[in-house]
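What follows is one structure encoded as structure tokens, with my remarks underneath.
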Amino acid sequence: MGKLDFMKEVIDDLKESGLFNTIRTLGSAQGAWIVVNGKKVLNMCSNNYLGFANNDRLKEAAIKAIKKYGVGPGAVRTIAGTMELHEILERKLAEFKRVEAAIQFQSGFNANLGTIPAIVGKNDVIFSDELNHASIIDGCRLSGAKIVRYNHCDPKDLEAKIVEYKDHQGRKLAITDGVFSMDGDVAPLDKLYEVCNKYDVILMTDDAHGEGVLGESGRGIVDHFGLHGKVDIEIGTLSKAFGIVGGFVAGKKVIIDYLKQKARPFLFSSATTPADVAAAIEAVDILTESGDLVKKLWDNGNYFKSKMKEAGFDTGHSETPITPVIIGDAKLSSQLSAKLFEEDVFAQSIGYPTVPKGKARIRVMISAAHSKEDLDFAIEKFVKVGKELKII
Ligand code: PMP
């Protein structure tokens, strides 16, 4: 046995069970129609909710920033990597989110990895929704705190778990995704807040899929529930609806001041590039000016979901434009994805460990960039292939 043989075994097992990730390559910018492996297809699986990834205003802002500030930050934020642009973005994000302050990270994943271990450590307890995103799970593990999972979106179970630990000395932190990315359901943040407030537990939400989607003009889940100043920590990403790459935390000034001293990716990984930051500023400006794109996203999501349900597909219990098409068996889900691709629809299959075993699905990501004709095209192809595979 060679020392790396286990890797081949794992890869073979993944292929056997239909869980092997085939990585497809884009030969165009993100958008409704893209070139994948040399073929033009309708894109139903990017997180480009508002079409910002190839928006002219964002591109212009990025080009202008490159001309003035260059392509790289040259350092971590705490040494020499903080440019004026970073501070403008943080101020604008805080205004947009209607909170006191914000800190930017290189990605949403990094925001979680940086924030959680800065707040809790080995003598502390984290209460975590059982379906939280991998970056929250990794942040929790990295912190060394005791991790207590509560039932998905269940404030009563959260309360029961908090009560079990009521005599525990040390800090307590409850964490939930805002919008759960694989099902499109929304955390009952108002109820979770009531529980956390009653027991003085710090509350954190990861709004990666609510940013640019929920709330007034896409201000996110805290705005959606009117909980400004009540949810302690709101993680955001610039990599989905904002169309760029980056993450941030929004909240009270004391939390942001603290994270600027303690969050390790902020201290030890280089700052985000000028182009990304300038494009993010432009995205915030566009959303501040108008909620039209957010409205279009929701109209598109509601239309697609209702037509797919009518056709007999199981679209789960999504409350957002994310539309899971639940198949169950991972191999069948992969087959559906492959056949859709032959029909010019790019919709990736998602299986374990991203979703629980036996819950494989095509997760359709609707965008404001889709036209009604695009959505009708996708529905027609889903119905055709769904019938061929006897899914509907
Ligand atoms: N949190 C959640 C809930 C996510 O869905 C994702 C992206 N898959 C992230 C964090 C990571 O965000 P980013 O891509 O900006 O690292």
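Model, not experiment: these values are computed from the prediction. Counting convention: from 1, in listed order, for ligands and their atoms alike.
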(message) Suppose I only count heavy atoms of Gly246 and a 4.0 Å limit; which atoms of ligand 1 are within that range?
(response) 15 (O)

(request) Report, in ascending order of atom number, the atoms of ligand 1 lying under 4.0 Å from any heavy atom of Phe109. (result) 11 (C), 12 (O), 13 (P), 16 (O)

(message) Quick check on contacts: which atoms of ligand 1 are under 4.0 angstrom from a heavy atom of Ser239?
(response) 13 (P), 14 (O), 15 (O)

(message) Using the ring centroid of each side chain, check whether Trp33 and Phe346 are separated by less than 6.0 Å.
(response) no

(message) Do the side chains of Lys97 and Asp223 get close enough for a salt bridge, i.e. N-O under 4.0 angstrom?
(response) no

(message) Taking the basic N atoms (NZ, or NE/NH1/NH2) and the acidic carboxylate oxygens, is any pair closer than 4.0 Å for Lys381 and Glu343?
(response) yes

(message) Among Ser107, Gly178, Gly108, which one puts a heavy atom closest to atom 12 (O) of ligand 1?
(response) Gly108

(request) If you have a sec, work out which protein heavy atom is nearest atom 5 (O) of ligand 1 and how many Å separate them, to one decimal? (result) His209 NE2, 2.9 Å

(message) Within the 4.0 Å heavy-atom shell around Thr237, which atoms of ligand 1 are there?
(response) 12 (O), 13 (P), 15 (O)

(request) Determine, for Glu282 against Arg57, whether the closest basic-nitrogen to carboxylate-oxygen distance falls under 4.0 angstrom. (result) yes

(message) Strictly below 4.0 Å, N to O, side chains only: are Lys92 and Glu87 in salt-bridge contact?
(response) no

(request) Kindly indicate whether a cation-pi arrangement holds for Lys15 with Phe20, taking the cut-offs as under 6.0 Å to the six-membered ring centre and within 45° of the axis. (result) yes

(message) Please report whether the ring centroid of His370 lies less than 6.0 Å from that of Phe304.
(response) no

(request) Just need the protein heavy atom nearest to atom 9 (C) of ligand 1, so name the residue and atom and give the distance. (result) His133 CE1, 3.5 Å

(request) Do me a favour and list the nearest non-hydrogen protein atom to atom 1 (N) of ligand 1 with residue, atom name and distance? (result) Asp206 OD2, 2.6 Å

(message) Once side-chain contact (heavy atoms from CB on, under 4.5 Å) is applied, do any residues pair with Glu319, and if so which ones, sequence neighbours excluded?
(response) Asp185, Val186

(request) Please identify which atoms of ligand 1 are closer than 4.0 Å to at least one heavy atom of Lys240. (result) 4 (C), 5 (O), 6 (C), 7 (C), 8 (N), 14 (O)

(request) Run the numbers for me: atoms of ligand 1, each under 4.0 Å from some heavy atom of Ala208, listed by number. (result) 1 (N), 2 (C), 3 (C), 4 (C)

(message) Closer than 4.0 Å to some heavy atom of Ser135 - which atoms of ligand 1 meet that?
(response) 1 (N), 10 (C)

